[in-house]
Amino acid sequence: DISFNIKAHIQGTEKTLRVDQLETSDGAPYYSCFDKDKQLAEIRKEESNEWVQLWGELDQASLTSIGKAIEQKELAGN
């Protein structure tokens, strides 16, 4: 499994999160996000390039911040 750290704004506060990249049974990637050892959310990027929350209670701004940070990591090749 792929795991990496990102910086994202969660409810307005910058945090360093651990992100584990996982795969659904059909091979689509999704991401499990942790603040220290507490799981915050599972998210994935839709074909429309919109980030959606599969599990968790993040607000839209936090979800967008995490999604953008994951995209930057992917562009940088982790």
Side-chain angles (χ1 to χ4, degrees):
D1 286 353
I2 298 169
S3 184
F4 53 90
N5 290 329
I6 59 167
K7 284 196 186 314
H9 285 87
I10 306 302
Q11 276 137 9
T13 304
E14 186 176 86
K15 294 185 177 274
T16 298
L17 304 179
R18 188 181 93 236
V19 177
D20 295 344
Q21 181 178 324
L22 307 161
E23 279 189 4
T24 61
S25 56
D26 61 0
Y30 71 100
Y31 302 89
S32 187
C33 308
F34 296 85
D35 180 10
K36 299 183 175 65
D37 290 328
K38 181 179 176 226
Q39 186 175 14
L40 295 180
E42 289 182 354
I43 68 173
R44 79 165 179 230
K45 192 180 198 179
E46 296 289 302
E47 288 181 21
S48 63
N49 283 334
E50 185 179 351
W51 287 92
V52 295
Q53 192 165 202
L54 305 173
W55 176 89
E57 297 179 8
L58 294 176
D59 60 22
Q60 189 61 45
S62 300
L63 176 61
T64 300
S65 180
I66 291 172
K68 284 184 176 169
I70 290 172
E71 288 169 4
Q72 288 171 347
K73 272 283 186 187
E74 290 177 336
L75 288 173
N78 288 343

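Just so you know, these numbers use all the heavy atoms, side chains as well, and skip hydrogens, waters and symmetry mates. All residue numbers refer to positions in the sequence shown, counting from 1.
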Under the side chain to side chain contact (heavy atoms under 4.5 Å, CB included) rule, collect the residues that match up with S25, sequence neighbours excluded. none
Measure the spacing between CD of Q21 and NZ of K73 and express it to the nearest 0.5 Å. 12.5 Å
Strictly by salt bridge (Lys or Arg N to Asp or Glu O under 4.0 Å), give each pair with a member in residues 48-71 just once, sequence neighbours left out. K45-E71
Partners meeting salt bridge (charged side-chain N to carboxylate O under 4.0 Å, His left out) with E46 (sequence neighbours left out): R44
S48 meets the side chain to side chain donor-acceptor pair (under 3.5 Å) criterion, sequence neighbours left out, with none
Here the gap from H9 atom NE2 to I66 atom CD1, rounded to the nearest 0.5 Å, amounts to 12.0 Å
Filter on salt bridge (Lys or Arg N to Asp or Glu O under 4.0 Å), then keep only pairs touching residues 17-31, sequence neighbours left out; what's left? R18-D20
Compile the donor-acceptor pairs under 3.5 Å between side chains in residues 32-43 and protein atoms, sequence neighbours left out, one pair per line.
from, atom 1, to, atom 2, distance (Å)
S32, OG, Q39, NE2, 2.7
D35, OD2, K15, NZ, 3.4
Q39, NE2, E42, OE2, 3.2

Once side chain to side chain contact (heavy atoms under 4.5 Å, CB included) is applied, do any residues pair with E47, and if so which ones, sequence neighbours excluded? none
Give every residue pair that meets the ring-ring contact (aromatic ring centres under 6.0 Å, His included) criterion with at least one member in residues 36-57, sequence neighbours excluded. Y31-W51
Got a donor-acceptor contact below 3.5 angstrom from the T64 side chain to the Q60 backbone? yes
Roughly how far apart are L63 CG and I10 CD1, rounded to 0.5 Å? 9.0 Å
Establish whether F4 and L17 are linked, either directly or via other cluster members, by ILVMFWY side-chain heavy-atom contacts under 4.5 Å. yes
Under 4.5 Å between side-chain heavy atoms, counting indirect links through other Ile/Leu/Val/Met/Phe/Trp/Tyr residues: same cluster for I2 and L22 or not? no
Would you please name every residue forming a side chain to side chain contact (heavy atoms under 4.5 Å, CB included) with A69, sequence neighbours left out? I6
